[in-house]
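Each chain gets a letter, A, B and so on, in the order the sequences are listed, and its residues count up from 1.
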Amino acid sequence: MYLLEARRAQIREALRQAHRDASERGELPQAPFPPCVLEEPRSEQHGDLATNVALQLARGTRLGPRQVAAALVAGLTPQRIPVLERAEVAGPGFINIYFRDGWLAPAVGEILAAGLDYGASAMGQGRRVLVEFVSANPTGPLNVVNCRAAAFGDSLVRCLNAAGYRAEAEFYVNDAGGQFRKLGLSLEARLRRLRGEAAEVPEGGYPGDYLVAMASRYADERGMDVLEQEPERRITMLARYAVDRILQRQREVLERFGVHFDHFSLESDIRAARGPERVVEELSARGYTEERDGALWLKTEGAGDNDDRVLRKRDGEYTYRVPDIAYHAGKFERGYDLLIDIYGHDHHGEVQAVRLALEWLGYPVDHLEVLLTQMIRLLRDGREEKISKRSGNFISMEDFLDEVGVDAARFFFLTRTIDTHMDFDVELAKRQSQDNPVYYVQYAHARICSILRQAGELVAEADAAPLVHPAETALLRALAALPDEIAAAASSRAPHRLTAYARQTAERFHGFYAQCRVLGGEPAQSRARLALCSATQIVLARVLGLLGVSAPQSM
RNA sequence: GCGCCCGUAGCUCAGCUGGAUAGAGCGGCUGACUUCUAAUCAGCGGGUCGCAGGUUCGAAUCCUGCCGGGCGCGCCA
């Protein structure tokens, strides 16, 4: 158990004891002891930890909160909590708790012992989680929107794993259906133009330049024979070729971005396994479908959706949502305890229908969490640009990474919650990449590495007791908070908390650095500060690792 | 019209699931390098938390209604 957690548990137990004693003496009414939240007050004048339990307990009684607080404070004694300095009632009934100097020192040893595992917890209890994200159509290069989802999803997976879950990352590939066909047709048109025919990219197809380049490459590699094939066959062949190429390129960019996927699931495999047929048969057998106007509908209206949804079109084809449902059914069958989907907010209208279908198929939909990333509005020098593969107009992830850099890009996206509607000006982002806070954090890490190099000796363990300077304790406090931060980032699905934490920790280190000389001082103090530096280096490297950002040894 | 999301400093955004005096970065202004990396530090200025009600000891946070914006509401994905 980490330091802060141990202190909280100790205090909580003492308060519970005090509550029981006071109840027996008749000072407080008999009532269950509420969940007692102990947090770090915003102002250090309010102590090292504070709680509002007394305010909770006083609710619904005739007693004043301060009176309740006083009864509880009586139980906070140095006998029960050796490190306690004092506890007092404050404001409307808060209990503020002050510890003796040096109470944070043990954190240093904890961190040095744990190394880069520091902050890991068993919160997730080994539960298996599948996180699906990006899942971009394999019909064009990835763009900045995918970049945001990639940064978020990848970091979330890392946080979950650090917090005791067993999380895996999955990419779903829509390599079948209507868009797949249109990709094939678009490539065909490019190939024909190459041969001098006046072919046009079909309506709703993909007019982007990347298919022009791909057509030349195709011709070089395989010639034009494909154009003599039967229409359906050549469309499929070309689409397959294009998807393979594009997916390969997507994987390379994601790799470069530090985003790792454990699984790629293909829609074509799901179709080959007759997943869509099975879904439709099962839903129909259970009475959730209806034939109407030559199509087959899922009866979602009135069940939480504002309309019925088509499953099978009049032309006999399945709508995209059927393989989607089959895919999710398959994910449940694969034995995960929790499924997390990360989609763009433009897909949110589809979520309810898929959830309903899965529920009707008997799957535990409360184990399916759908997180929606908000839209990015793309600006270029203040003017709006439409981002769409189909319009062929977008900023590719590759270009973005070329111009802004991997670390700055990841940090940039991870400072925002996924709920913000971002106005994203590429020119501005490029200009500001020099000012990106990521360098502030990395610089702190590099500075520490420099000190440790010069110290020449490895600090394995040290007596951290001499750390009493305000800048030292402020830094210690930040280091001790990492386990809480990781747990919170994982459980609230909010890895962006860690960018704020990283920045704050770096800030405290820079402050410490400016005020406290590490090398060449009094030996005991110097050793303690060296240990503190070492612990800080571990914490920064750990957080940056969870964010997918590099931790340079020098800058 | 209906659904989801957003509205916090000049700009870009946090605000730990209801706590004490609302924060950061950038931009603006002052200072600090013969000492472990100045990509740093110290300081100044900047706010009717969109508006109006409600819930309670206590609201940027929860509820309702408005106003403004984004995205959905395809037999496209």
Please pick, from B/C41, B/A77, B/A14, the nucleotide with the shortest atom-to-atom distance to any side-chain atom of A/R416.
B/A14
Please determine if a side-chain N or O atom of A/Y172 lies less than 4.0 Å away from the OP1 or OP2 oxygen of B/A77.
no
Is B/U21 paired to anything, Watson-Crick or G-U wobble with both distances less than 3.5 Å, and if yes, which nucleotide?
none
Short side-chain N/O contact from A/Y343 to OP1 or OP2 of B/C4, under 4.0 Å
no
Phosphate OP1/OP2 of B/G15 contacted by A/H496 side-chain N/O (<4.0 Å):
yes
I'd like to check, for A/Y440, whether its ring lies over the base of B/A39 with centroids under 5.5 Å apart and a plane angle smaller than 30°.
no
Are the ring of A/H345 and the base ring of B/G70 both nearer than 5.5 Å at their centres and tilted by less than 30°?
no
Please work out if A/C516 contacts a base, only the sugar-phosphate, or nothing of the nucleic acid, heavy-atom cut-off 4.0 Å.
base
Could you tell me whether the side chains of A/Q179 and A/Y206 share a donor-acceptor contact shorter than 3.5 Å?
yes
Pair assignment for B/A38, Watson-Crick or G-U wobble, requiring both distances under 3.5 Å
none
Regarding A/N52, tell me which of base, sugar-phosphate or nothing describes its non-hydrogen contacts under 4.0 Å with the strands shown.
base
Heavy atoms under 4.0 Å, any strand shown: does A/T499 hit a base, just sugar-phosphate, or nothing?
nothing
Does NZ or CZ of A/R416 come closer than 6.0 Å to the centre of the six-membered ring of A/F412, within 45° of the ring's axis?
yes
Which is it for B/C6, anti or syn, if anything within 90° of zero counts as syn?
anti
Looking across every strand, which nucleic acid part, if any, lies under 4.0 Å from A/R321 by heavy atom: base, sugar-phosphate, or nothing?
nothing
Watson-Crick or G-U counterpart of B/G53, or none if no pair lies under 3.5 Å
B/C63
Pick one for B/U34: is it syn, with its angle within 90° of 0, or anti?
anti
Which part of the nucleic acid does A/P92 contact within heavy-atom distance under 4.0 Å: base, sugar-phosphate only, or nothing?
base
Looking at every strand, decide which applies to A/N436 at a 4.0 Å heavy-atom threshold: base, sugar-phosphate, or nothing.
nothing
